[in-house]
Amino acid sequence: MPVVVVTDSSSRLPTSVTDHYGVRVVPLHLTLDGQDYSEGVDDIPADIVSTPGVTTSGANPAEIATAFDEAVEASEGAGVVAVHMSRRLSGTWSAARLAAEKFSGQVRVVDSRSVGLAVGFAAVAAAQSAQSGADRDRVYESAIRQAATVDSMLCVHDLDNLRNSGRISAASKMLGSALSIKPILHMVDGVLTLKERHRTFSKAIGKMVDAAVESAAGRPVTVGIQHCRAADMAHDLGDQLTERLRVVTSRITVDLGPILGCHVGPGALGVVIAEHLDPIEGIDAG
């Protein structure tokens, strides 16, 4: 059996992709009015991203331990590589490291230093490496390389959700506080920081596309489009990128889901540009 890859639901990978690569997903959690919901497991109201009083939390340590137990057994000695969202945004990585200690080196844990599809692409890179027959250490290195080279950007209508949840740096809080400013955020060293700010959302989106094209630099890339309840805009954004980028090996569009959506707010749009990935199976290459 190949190395088994585990990730968390912040990766936003569609079930068709995780099923194809055998990636196991541990849910993140949110709580509303005393009720706990597991992302990807429970039915969660679509409008929860706009509901006051919602709190979110990382993957449950017990669920991580169970996932590792099952993955180690399934790997038949090949081992496990777990790819999780940035340790600076969630306690999930720390919980995974703690859980991994009981497996005597059979589980290696990757801090993706990102969130959303950037985590997903690192998990896919690991899974593709595993399918090619790589051992645990080479699978781990594939995830690390992907995580280190991915470019992840996000446009939001305002910073209130991120500010309230503490998921944005102090400098970005200050710089993005002007009224009617539409920020472009990007991941730097595991945290969201301000990249640019513009007067209108459409201008911000246009500049994000320009930045994505510059990041690709004419190389073959995998393109991820992520959004919060903005499917039509996400489709248009994907078409713009496909038209302007030289070679798109795969294109995948996902909703950010209830957990991340609570932090970025409705209407958020993001782009992830990744190298080092073979065409992703289980999606329309678009």
Side-chain angles (χ1 to χ4, degrees), residues 7 10-13 17 83-89 110-126 128 141-156 162 167-169 171-172 175-176 182-198 203-228 230 233-234 236-254 256 260 263-264 268-280 283 285-286:
T7 188
S10 78
S11 63
R12 304 313 303 152
L13 292 173
V17 174
V83 183
H84 293 294
M85 66 188 295
S86 170
R87 74 180 80 176
R88 300 182 68 180
L89 297 176
V110 176
D111 177 0
S112 69
R113 301 162 70 93
S114 197
V115 69
L117 273 177
V119 183
F121 287 165
V124 169
Q128 289 179 342
E141 290 164 3
S142 295
I144 291 291
R145 179 177 69 161
Q146 182 59 69
T149 56
V150 73
D151 195 357
S152 181
M153 294 172 281
L154 181 72
C155 290
V156 297
L162 287 163
R167 261 58 175 195
I168 191 167
S169 70
S172 294
L175 292 170
K182 304 303 178 186
I184 303 175
L185 307 171
H186 65 155
M187 294 298 303
V188 177
D189 196 26
V191 295
L192 278 169
T193 63
L194 185 72
K195 181 178 177 67
E196 298 178 17
R197 50 184 183 165
H198 298 281
K203 180 73 169 179
I205 295 297
K207 289 297 184 180
M208 183 171 65
V209 170
D210 291 343
V213 172
E214 182 179 353
S215 175
R219 297 183 292 267
V221 293
T222 299
V223 176
I225 310 298
Q226 43 196 9
H227 66 92
C228 179
M233 289 191 294
D236 292 344
L237 175 59
D239 286 347
Q240 289 182 56
L241 285 164
T242 299
E243 183 177 342
R244 292 190 56 187
L245 292 168
R246 185 170 297 176
V247 180
V248 175
T249 57
S250 298
R251 170 176 148 188
I252 182 170
T253 302
V254 299
L256 282 164
L260 300 182
H263 293 293
V264 302
L269 281 173
V271 174
V272 182
I273 301 293
E275 298 180 69
H276 312 303
L277 283 172
D278 294 333
I280 299 177
I283 60 168

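Computed from a prediction, not measured in an experiment: that's the story for all the values here.
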Practice task
Check the surroundings of atom CZ in Arg246: do more than 12 heavy atoms from other residues, nucleotides or ligands lie under 6.0 Å from it?
Solution key: no
Handout entry: Whether Arg251 side chain and Gly238 backbone form a donor-acceptor pair below 3.5 Å
Key = yes
Exercise for the section: First locate atom CD1 of Ile144, then atom CZ of Arg113, and finally report the distance between them rounded to the nearest 0.5 Å. Expected result: 9.0 Å
Practice task
Evaluate the side-chain contact (heavy atoms from CB on, under 4.5 Å) criterion for residues Val248 and Leu241: first the C-alpha distance (whole Å), next the side-chain angles of each, then the deciding distance (0.1 Å), finally the verdict.
Solution key: CA-CA 9 Å; Val248 175; Leu241 285 164; over 6 Å; no
Problem - Non-hydrogen atoms of Val83 and Ala122 that approach each other most closely - result: CG1-CB, 3.8 Å
Practice task
Provide the closest heavy-atom pair for Ser215 versus Asp151 in the form atom of the first, atom of the second, distance.
Solution key: OG-OD2, 2.9 Å
Practice task
Could you check if a side-chain atom of Thr193 sits within less than 4.5 angstrom of a side-chain atom of His186, using non-hydrogen atoms only?
Solution key: yes
Problem - Gln128 side chain to Asp278 backbone, donor-acceptor under 3.5 Å - result: yes
Practice task
Mind checking the NE2-OG1 spacing from His276 to Thr149? Nearest 0.5 Å is all I need.
Solution key: 3.5 Å
Fill in the blank from the handout: Smallest heavy-atom separation, Gln146 atom then Ala274 atom, equals NE2-CB, 3.3 Å
Problem - Rounded distance [0.5 Å steps], CZ in Arg219 versus CD1 in Ile273 - result: 10.5 Å
Exercise for the section: Walk me through it: do Met208 and Leu237 pass the test side-chain contact (heavy atoms from CB on, under 4.5 Å)? Expected result: CA-CA 10 Å; Met208 183 171 65; Leu237 175 59; 4.0 Å; yes
Exercise for the section: For Ser250 and Ile280, indicate whether the former's side chain and the latter's backbone hold a donor-acceptor pair under 3.5 Å. Expected result: yes
Exercise for the section: Take Arg244 and Asp210 through the side-chain contact (heavy atoms from CB on, under 4.5 Å) test and state the conclusion after the steps. Expected result: CA-CA 9 Å; Arg244 292 190 56 187; Asp210 291 343; 2.6 Å; yes
Handout entry: Student check: side-chain heavy atoms of Gln226 and Ser152 closer than 4.5 Å
Key = yes
Practice task
Determine whether Val271 and Val209 make a side-chain contact, defined as any pair of heavy atoms from C-beta on separated by less than 4.5 Å.
Solution key: no
Practice task
Return yes if some donor-acceptor pair links the side-chain N/O of Thr7 with the main-chain N/O of His84 below 3.5 Å, else return no.
Solution key: no
Exercise for the section: Please determine if Arg88 and Asp111 form a salt bridge, counting it only when a charged side-chain N lies under 4.0 Å from a carboxylate O. Expected result: no
Fill in the blank from the handout: Tightest non-hydrogen contact, residues Ala143 and Val110, listed as CB-CG2, 4.0 Å
Problem - Sub-4.5 Å side-chain heavy-atom contact between Met153 and Lys195 - result: yes
Handout entry: Shortest non-hydrogen contact from Val221 toward Ala216
Key = CG1-CB, 3.9 Å
Exercise for the section: Could you grab the distance from atom CG of Asp239 to atom CD of Glu243, nearest 0.5 Å is fine? Expected result: 8.5 Å
Practice task
Answer whether the closest heavy-atom distance between the side chains of Val150 and Met187 falls below 4.5 Å.
Solution key: no
Fill in the blank from the handout: So CG of Leu260 and SG of Cys228: to nearest 0.5 Å the spacing works out to 9.0 Å
Handout entry: Audit row: Ile252, Val223, side-chain contact (heavy atoms from CB on, under 4.5 Å) steps and yes/no
Key = CA-CA 6 Å; Ile252 182 170; Val223 176; over 6 Å; no
Practice task
Measure from the side-chain N and O atoms of Ser86 to the backbone N and O of Gly190, and report whether any donor-acceptor pair falls under 3.5 Å.
Solution key: yes
Problem - Beyond-backbone contact of Val254 with Ile225, side-chain heavy atoms, under 4.5 angstrom - result: no
Completion exercise
Value for CD (Glu196) from NZ (Lys203), rounded to nearest 0.5 Å, stands at 9.5 Å
Practice task
Would you check if the side chain of Arg12 reaches a backbone N or O of Leu117 as a donor-acceptor pair within less than 3.5 Å?
Solution key: no
Fill in the blank from the handout: Residues Val156 and Pro183: closest non-hydrogen pair is O-CD, 3.4 Å
